Amino acid sequence: MFQSKKLNLLMSFLIAIILWAYVIGEINPVTTKSFVDVNINLENQIALEERGLAIESISEDKINVTVKGERSRIQNVEKDDVYAKVDLALARAGHNELDVNVRTPEKVNVDNKSISKAKLTVGELSSEERPTKIVYVGSTNSDSEPYTIEKTPENVIIRGAMNNVKKVSQVIAKVRVDQIKDKETIVEAELVPVDKNGKKVSWIRLNSSQIQIKAVMTKTKKVDLEVPIQGEDSSDAKLEYSKTVSIKGNADVVKDISKIQTEPVDLSGYDQNTTIELKPILPKGVQLAAGSDMTAKIILSATDSKNINFDRDEIDVVGLDENLKATVEEGVVISAEGKKSSLDNVNKEDFTLAVDVSGYSKGSYKVDVVVVNKKAFKKYTIRPSKVTVLIE
C-alpha cells in the first residue's frame with residue numbers, strides 16, 4: 001500500500017514535468033515585459049533649426065513601455081531594443097502635442113506605454129557667445145589651490161530657443177581638484193550652460209561640448225595689499241579696504257612676494273559714498289586666490305548741501321503751440337549734496353530747467369521739471385519735481 005502511494009506521487013511529478021516542458025517548448029505562450037525610463041529621441045531637430053525654431057521645453061523626455069510577444073522572443077528583449085521617438089518635422093512655434101512612437105524588435109509588439117503624446121514648447125532660434133568658466137570641486141590643503149594656466153575654448157557659441165539662451169549667464173566645466181598635480185596637468189571636462197544661480201539650462205546646444213584646461217596645483221599666500229590714492233581733494237574722503245589679500249602661484253614665485261598693488265584710485269571723482277572694485281596688478285604667473293575681497297568703500301569725510309533757487313521765469317517752456325501762451329506758476333529749488341570742495345564749484349549756471357508742454361491745449365497742468373546738468377553733478381534733488389503751468 002505504501003509503495004503504491006510512492007509510485008503514484010512519482011508518476012504525478014513526472015507528468016507535471018512533461019506538461020510544463022510541452023507548454024514551454026511547444027506552445028510558447030505570449031508574455032509581457034516592462035521597461036521604465038526609456039529615453040524619448042527627438043528626430044529632425046536640424047530641420048526644425050533650419051526653419052529658425054528650437055525646442056524651449058518638453059513635458060516628458062522618458063517613457064515607460066510594456067511589450068508583449070512569445071516567451072522565446074520576449075526573454076531576449078533588452079531596454080536598448082526599445083526605441084521611442086518624437087518627430088519634430090511637424091512642430092510649429094508655440095505649444096505642440098506630438099505623437100510618441102515606439103519601435104520594437106520583430107514580432108514583439110507594444111502592449112502599453114505611459115504617454116502617447118509629448119507636449120512641447122517651440123521658440124525662436126537664437127545664438128550668442130558666452131564665456132567659459134572652470135569650477136574646481138573637492139578639497140585641498142589649506143595652503144594649496146589649483147591655478148588655471150590656459151583653457152580652450154575661452155568662449156563658446158550657445159544655440160537654442162531665445163528664452164533659454166537669455167537664461168544662460170556662463171558655461172561652466174567642473175574639474176575635480178584631485179586631478180590637478182604639482183606639475184602642469186592637462187584635463188578635459190564637459191561644458192554645461194548655467195543660469196545666474198548655477199542651475200543647468202536645458203535645450204541648449206554648444207559649438208564645443210568639451211573644454212581642455214592646462215592647470216597646476218599652486219601654493220597660496222597672504223600678502224599686503226596697497227592701493228595708491230590720487231586726486232586733489234583726496235583729503236575729503238577715505239578708502240576702506242582689506243589690507244591683505246591671498247594670492248596663488250608656483251611656490252618659487254610666490255615665496256618672494258610680500259605685497260601687491262592695485263591700480264590707483266582717484267578719490268576726487270566721487271561726490272558721494274560708494275563701493276568700487278579694486279584692480280590688482282599681479283606678477284606673471286600669479287592669480288588671486290579664492291575668496292579674495294577686492295572691493296573698497298569710498299567714504300566722504302565731510303558732506304554738505306547747497307540750495308540753488310530758480311524763479312518761475314527761469315524755467316523754460318518747450319513744445320508750446322505757437323498760437324498759445326504759457327506761464328509757469330511757481331519756482332523750484334535744486335539741492336546739491338556732496339563734498340564741500342565740490343559744492344563750491346556748483347552754480348546756477350550749471351543747470352538748465354524746462355517743462356515740456358508738447359500736445360497740451362488750453363488749461364492748467366502739473367508738468368515734470370526736466371533738469372539738464374551741464375557738469376554732470378551726480379547727486380541732487382529738485383523740489384517740487386512738478387510745477388503748475390497755465391496755458392492760454
Side-chain angles (χ1 to χ4, degrees), residues 20-127 157-168 171 174 190-195 199-210:
W20 177 82
Y22 175 78
V23 169
I24 297 302
E26 298 296 327
I27 299 180
N28 197 10
V30 172
T31 187
T32 62
K33 191 173 185 179
S34 297
F35 303 96
V36 298
D37 292 339
V38 176
N39 289 327
I40 297 177
N41 298 276
L42 301 178
E43 296 189 343
N44 287 318
Q45 286 195 67
I46 300 300
L48 189 68
E49 290 190 2
E50 288 175 349
R51 290 189 280 131
L53 301 173
I55 295 174
E56 188 173 312
S57 64
I58 184 171
S59 61
E60 303 283 350
D61 59 1
K62 296 182 185 297
I63 186 175
N64 301 332
V65 178
T66 299
V67 297
K68 68 178 180 180
E70 295 177 349
R71 177 188 291 271
S72 59
R73 294 182 182 276
I74 289 294
Q75 66 185 3
N76 295 320
V77 177
E78 302 295 337
K79 185 175 180 178
D80 290 342
D81 298 323
V82 180
Y83 184 85
K85 68 174 184 177
V86 169
D87 190 349
L88 300 178
L90 299 178
R92 297 293 181 265
H95 299 292
N96 298 261
E97 286 194 14
L98 301 179
D99 292 333
V100 180
N101 296 308
V102 178
R103 186 171 67 232
T104 57
E106 186 179 2
K107 294 186 178 180
V108 173
N109 301 315
V110 175
D111 185 54
N112 186 51
K113 53 186 179 181
S114 57
I115 58 171
S116 59
K117 290 183 178 293
K119 297 179 180 179
L120 297 92
T121 301
V122 174
E124 181 182 346
L125 178 67
S126 176
S127 64
I157 302 298
I158 62 173
R159 288 169 61 86
M162 183 180 294
N163 288 340
N164 290 341
V165 168
K166 288 180 179 179
K167 295 177 184 177
V168 180
V171 180
K174 292 185 177 181
E190 180 185 4
L191 287 168
V192 179
V194 297
D195 61 18
K199 183 179 179 181
K200 180 180 178 180
V201 180
S202 300
W203 303 110
I204 292 291
R205 294 174 60 189
L206 310 176
N207 68 331
S208 177
S209 62
Q210 296 279 319

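Worth saying up front: this structure is predicted, and the values here are computed from it rather than measured.
Taking both residues in full, the closest heavy atoms of Gly160 and Ala54 are given as C-CB, 3.7 Å, listed atom of the first, atom of the second, then distance. The two atoms that bring Val102 and Lys113 nearest to each other are CG2-CD, 4.1 Å, heavy atoms only. Looking at every heavy atom in both residues, Phe35 comes nearest to Val77 through CZ-O, 3.6 Å. Across all non-hydrogen atoms, the minimal contact from Gln210 to Leu191 is O-CD1, 3.6 Å.
Summarising the geometry, atom CZ belonging to Arg51 is positioned 11.5 Å from atom CG belonging to Leu125; distances are rounded to the nearest 0.5 Å. The distance from the OG atom of Ser127 to the CD1 atom of Ile204 is 10.5 Å, given to the nearest 0.5 Å. Here CG of Asn101 is found 9.5 Å from CD1 of Ile63. Values are rounded to the nearest 0.5 Å. The CD atom of Glu124 lies 8.5 Å from the CG atom of Leu53; values are rounded to the nearest 0.5 Å. Note that the OG atom of Ser126 and the NZ atom of Lys166 stand 8.0 Å from one another [nearest 0.5 Å]. Of the inter-residue distances, the one linking Arg159 atom CZ with Asn164 atom CG reads 13.5 Å to the nearest 0.5 angstrom.
The closest side-chain heavy-atom distance from Trp203 to Leu42 is below 4.5 Å. Looking at Thr32 and Ile74, their side chains never come closer than 4.5 Å, going by heavy atoms from C-beta outward. Counting heavy atoms from C-beta outward, Lys62 and Asn39 have side chains that approach closer than 4.5 Å.
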Validation: residues 82-95 side-chain donor-acceptor distances under 3.5 Å, sequence neighbours left out:
unit_1: Tyr83; atom_1: OH; unit_2: Glu43; atom_2: OE2; d: 3.1
unit_1: Asp87; atom_1: OD1; unit_2: Asn44; atom_2: ND2; d: 2.6
unit_1: Asp87; atom_1: OD1; unit_2: Ala89; atom_2: N; d: 3.0
unit_1: Arg92; atom_1: NH1; unit_2: Leu90; atom_2: O; d: 3.4
unit_1: His95; atom_1: ND1; unit_2: Thr121; atom_2: OG1; d: 3.3

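Applying the salt bridge (Lys or Arg N to Asp or Glu O under 4.0 Å) criterion to Lys33, with sequence neighbours excluded, gives no partner residue. Listed by chain and number, the residues in a salt bridge (Lys or Arg N to Asp or Glu O under 4.0 Å) with Glu56 amount to none (sequence neighbours excluded).
Under the 3.5 Å distance criterion, the side-chain polar atoms of Asn207 are matched with a main-chain donor or acceptor of Ile157.
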The test is side-chain contact (heavy atoms from CB on, under 4.5 Å); show your working for Thr104 and Asp81 and say whether it passes. CA-CA 6 Å; Thr104 57; Asp81 298 323; over 6 Å; no
Dump the intermediate steps for side-chain contact (heavy atoms from CB on, under 4.5 Å) on Asp37 and Lys79, then the final yes or no. CA-CA 9 Å; Asp37 292 339; Lys79 185 175 180 178; 4.0 Å; yes
